[in-house]
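What follows is a short report on a single structure.
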Amino acid sequence: MIIQHNIAGMNSSRNKGITEGKMKKSLEKLSSGYRINRAGDDAAGLAISELMRNQIRGLNQAMKNTNDGIGLTQTGDGALAEVHAMLERMKTLAIQSANGTYNSVARGNLDDERAQLLDEIDRIGTTTNFDEIPLFDGSDPDETWPGGMAAFAPPEKSLEGDITLQIGHSKEETMDVPRYYMSRKGLALGDVDISELKEAQKAVGLIDDAIEMVADIRAGFGASQNHLEHTYQNLSVTTENMTSAESRIRDTDMADEITSFTRDNIMYQAGNSMCAQANSLPQMVMNLLR
């Protein structure tokens, strides 16, 4: 029997300290819900999950960007729907004026409405925007494409032609939405006049061409919208799968961790009891001194 060193007490205390450390880690995992709270818990798992988190955040923002893009294309298409309606009305006026039963006064009245409709088309081309971003160029094109349609040419010191959307978490995942001239001259209707019979007959074909041009632009907006809607669905599925994978790496399995905590708690209480027993052993020396 020795009294200088209580080896049994030291052993019991060491094991109790190990168990106490395990309990603290279990409590941390149970309270935070994360299996990995610091790099020391799982260095490789932490590195992988942080990369996944970065990608998930990018995907979430890309989904918001895609929704904004859908709103942008819907805004452009909505404006062009009204332009289509006005062009169809203009064609009706032109066909009416091309009829030989109308005199010059009646044709002049029809031409007045035609001028008002073109003014409204110019206004739509100038003012249509999405969050102060113009969707069309209402100025006169410098160079007209075959059929009258021209690509958007930015005003000096203004925006670039296409509207670029960031639809993914990497820099390469972008999509361009084109913009076009939207004005009477951009639609090759700057010289349309239905105040005379021959001019009205000529205007019918020009207005048909303009209707086809606007239909092509609307088709472009529609294609972009369908593209964005499918992109959104893909981003949603990818985000869900990435989140699930990140959860399996980083989240705490509560049932398993509670089982471990319960086991360590019982061992900790047993360790306390053994420490008390080990500390009482030197007291037995007193029995020999009596």
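In this text, all values refer to a predicted model and were calculated from it rather than measured experimentally.
Here the CD1-OG1 distance, from Ile133 to Thr75, works out to 10.5 Å after rounding to the nearest 0.5 Å.
A side-chain donor from one of Glu229 and Gln225 sits under 3.5 Å from a side-chain acceptor of the other. Looking at Glu113 and Asn109, their side chains never bring a donor and an acceptor atom within 3.5 Å of each other. With 3.5 Å as the limit, one finds a donor-acceptor pair spanning the side chains of Ser244 and Arg248. Side-chain atoms of Ser32 and Asn37 include a donor-acceptor pair closer than 3.5 Å.
Without hydrogens or angle criteria, Arg179 side chain to Ile163 main chain gives no donor-acceptor distance under 3.5 Å. A donor-acceptor contact shorter than 3.5 Å is absent between the side chain of Thr164 and the backbone of Asp176. Side-chain N or O atoms of Ser97 include one that pairs as donor or acceptor with a backbone N or O of Ile194 at under 3.5 Å. Between the Glu257 side chain and the Met254 main chain, no donor and acceptor come within less than 3.5 Å of each other.
Cation-pi contact between Arg53 and Tyr34: present, with separation from the ring centre below 6.0 Å and deviation from the ring axis of at most 45°.
Put simply, Leu235 and Val177 are part of two different groups of oily side chains (I, L, V, M, F, W, Y) that touch within less than 4.5 Å, one to the next. Both Ile211 and Val192 are members of a single hydrophobic cluster when ILVMFWY side chains are connected at heavy-atom separations under 4.5 Å. Leu110 and Leu197 fall into different hydrophobic clusters, where Ile, Leu, Val, Met, Phe, Trp and Tyr side chains are chained together by heavy-atom contacts under 4.5 Å.
In Met23, the CE atom is crowded: over 12 heavy atoms of neighbouring residues, nucleotides or ligands sit closer than 6.0 Å. More than 12 non-hydrogen atoms from other residues, nucleotides or ligands lie less than 6.0 angstrom from CD of Glu120. Around CG of Asn226, the count of heavy atoms belonging to other residues, nucleotides or ligands within 6.0 Å exceeds 12.
Here Asp119 pairs with Arg184 in a salt bridge; the nearest charged N to carboxylate O distance falls below 4.0 Å.
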